[in-house]
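The shown structure was predicted, so the numbers you read here are calculated from the model rather than taken from an experiment. One is the number of the first residue; the rest follow in order along the sequence. Computed over heavy atoms, backbone and side chain alike; hydrogens, waters and symmetry mates excluded. Start at 1 and go down the list; that is how both ligands and their atoms are numbered.
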Amino acid sequence: MMKKAVNHSRVQVVVRLRPVLDEAEIDVEPCVRELDGNSLEIFNWRNNKETLKYRFDAFYGKSSSQEEVFESSVASLLVHTLNGQNASVFAYGATGTGKTHTMLGRPGDIGVIPRSVQKILSVAKSESATWKYSIQFSYLEIYQERVYDLLVPKNHDLQIREDRDRNIIIPSLAVKEITSYEQFQKYFIPASHNRYQLCISHYTKMFTLLVTKVQQAEPFRKLTGKLLLIDLAGSEDNKRTGNQGIRLKESGAINVSLFVLGQVVDALNQGLPRIPYRDSKLTRLLQDSLGGTAHACMVTNIAPEERNYMDTYTTLNFAAKSRQIVNKPFTRESTEKPSRVTLKRKASDEHRPSAPA
Ligand code: ADP
Ligand code: MG
């Protein structure tokens, strides 16, 4: 029997640069230069006469707002969830680069998770004359290939199953139904403080919104969609892969889920026939919400300070499957603090389109 080719949807890859946080560092030249809404460059540590230019589906600079990231990269995925399809958004990057800020945010400057909840609640309200909505969420943590419930802590690894319709489910995971934002906060805020792993950077948190809507009149259509919003473990856990990947994986020295996620995203974006979903807990949970007919976006977070350069470099190479070497030195000759005005001018002057090296 001939196997039908599966047309997997591509994973959108966007990058977000956080601003410099320390007042004392505000005038120090950053190691990332913003080019336009899709590209950025960093200096090439192997050759200081070159810069490395990367292009993504979108690039959000240091002044980008939570609203901008949500409206441009997440809102369109929500539409799919409301149409009975699955989607996922995950924040990738080293510790301190803004993953939690992007996904969770803070009071007054909320991120992707609370914005998605607000949006879905408001759509449900506006469509209430024609559709009856049920909105539920769950919240879990993955640490060392074990899955823990954050809503109702149970202290043991939860089993993952696949139902007859190929939905990935966790039968014993707590699920809360919500009809208002206040209700969401009541359950979510305490849960967001729960954790099984003490070291804050090593675990992945997965928030799932389940949306079911039933038509109020003939033909009573029923649509069920799922949106997975994921704050990944710090990608510094993912560095030591390379040739040693498999051995380290066996010894538990690397974050298996992050390692396999990279392989899954690559396989999807290269159109490979085999997608290794089953090789980690995270990708197993993502199986029905990443690739196939599901829509996904990886928000890659990076920091601007030079001391974070190696993390930035590794992260960008992980996220971008192609990059361009540009023969324009990053302005690094000066030992004097350059003023911000000159930096800005340089950024726009020097970067007319240039040929690949
Ligand atoms: P991560 O979750 O990747 O470890 P955080 O989200 O905790 O990183 O961000 C580290 C710090 O930087 C936090 O204090 C956070 O509030 C701040 N931060 C991150 N991104 C931004 C941003 N875009 N604008 C303002 N502050 C940010
Ligand atoms: Mg965090």
Side-chain angles (χ1 to χ4, degrees), residues 13-28 30-34 37 40 42 56 58-74 88-116 139-144 148 150 188-207 228-239 255 257-258 261-262 282 297-316 318-319 340:
V13 179
V14 309
V15 170
R16 186 180 196 187
L17 172 67
R18 76 151 161 73
V20 172
L21 301 168
D22 186 347
E23 285 287 317
E25 286 185 302
I26 229 114
D27 287 325
V28 179
C31 70
V32 181
R33 188 184 275 159
E34 308 189 5
L40 65 106
I42 59 173
F56 296 95
F59 169 57
Y60 298 101
K62 62 171 193 275
S63 319
S64 61
S65 66
Q66 299 281 60
E67 184 182 7
E68 207 181 326
V69 174
F70 177 77
E71 290 298 336
S72 310
S73 290
V74 183
S88 58
V89 179
F90 34 99
Y92 181 92
T95 299
T97 55
K99 296 179 299 295
T100 303
H101 180 74
T102 297
M103 299 311 291
L104 223 55
R106 48 185 170 227
D109 197 19
I110 59 174
V112 165
I113 292 174
R115 277 173 202 272
S116 300
Y139 201 29
L140 61 83
E141 175 181 310
I142 304 170
Y143 175 67
Q144 284 194 344
Y148 300 101
L150 288 171
F188 181 75
I189 293 172
S192 67
H193 299 299
N194 287 340
R195 61 181 205 232
Y196 290 87
Q197 161 56 15
L198 289 179
C199 181
I200 195 145
S201 62
H202 296 323
Y203 58 78
T204 288
K205 282 185 167 195
M206 179 184 286
F207 178 86
L228 266 46
L229 303 171
I230 303 164
D231 186 345
L232 293 168
S235 61
E236 60 275 10
D237 281 10
N238 200 21
K239 248 189 245 164
N255 188 310
S257 280
L258 274 189
L261 177 66
L282 173 66
C297 178
M298 173 162 90
V299 184
T300 311
N301 291 94
I302 55 170
E305 300 86 6
E306 188 164 348
R307 65 188 139 79
N308 296 312
Y309 175 82
M310 277 327 269
D311 275 329
T312 302
Y313 175 79
T314 326
T315 300
L316 290 174
F318 172 87
R340 308 188 79 202

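For an aromatic pair to be called close, the ring centres must be under 6.0 Å apart, and Y139 with F188 satisfies this.
When all heavy atoms of I230 and T204 are compared, the pair lying nearest together is CG2-CG2, 3.6 Å.
The main-chain N or O of G96 is found under 3.5 Å from a side-chain atom of R18 such that the two form a donor-acceptor pair.
In the model, N301 has a side-chain atom that pairs as donor or acceptor with a side-chain atom of T102 under 3.5 Å.
Looking at residues two or more places apart in sequence or on another chain, you find no salt bridge (Lys or Arg N to Asp or Glu O under 4.0 Å) involving R115.
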Show the short N or O contacts, below 3.5 Å, that ligand 1 makes with protein N or O atoms; if there are none, say 'none'.
from, atom 1, to, atom 2, distance (Å)
ligand 1, 2 (O), T100, N, 2.9
ligand 1, 2 (O), T100, OG1, 2.8
ligand 1, 3 (O), T97, N, 3.3
ligand 1, 3 (O), G98, N, 3.1
ligand 1, 3 (O), K99, N, 2.9
ligand 1, 3 (O), K99, NZ, 2.7
ligand 1, 4 (O), G96, N, 2.7
ligand 1, 6 (O), T100, N, 3.2
ligand 1, 6 (O), H101, N, 2.7
ligand 1, 8 (O), G98, N, 3.0
ligand 1, 16 (O), R106, NH1, 2.8

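Distance check for T100 against the Mg ion (ligand 2): an N/O/S atom falls below 2.8 Å.
Two residues are said to be in side-chain contact when any heavy atoms from C-beta on lie closer than 4.5 Å; L228 and F90 fail this criterion.
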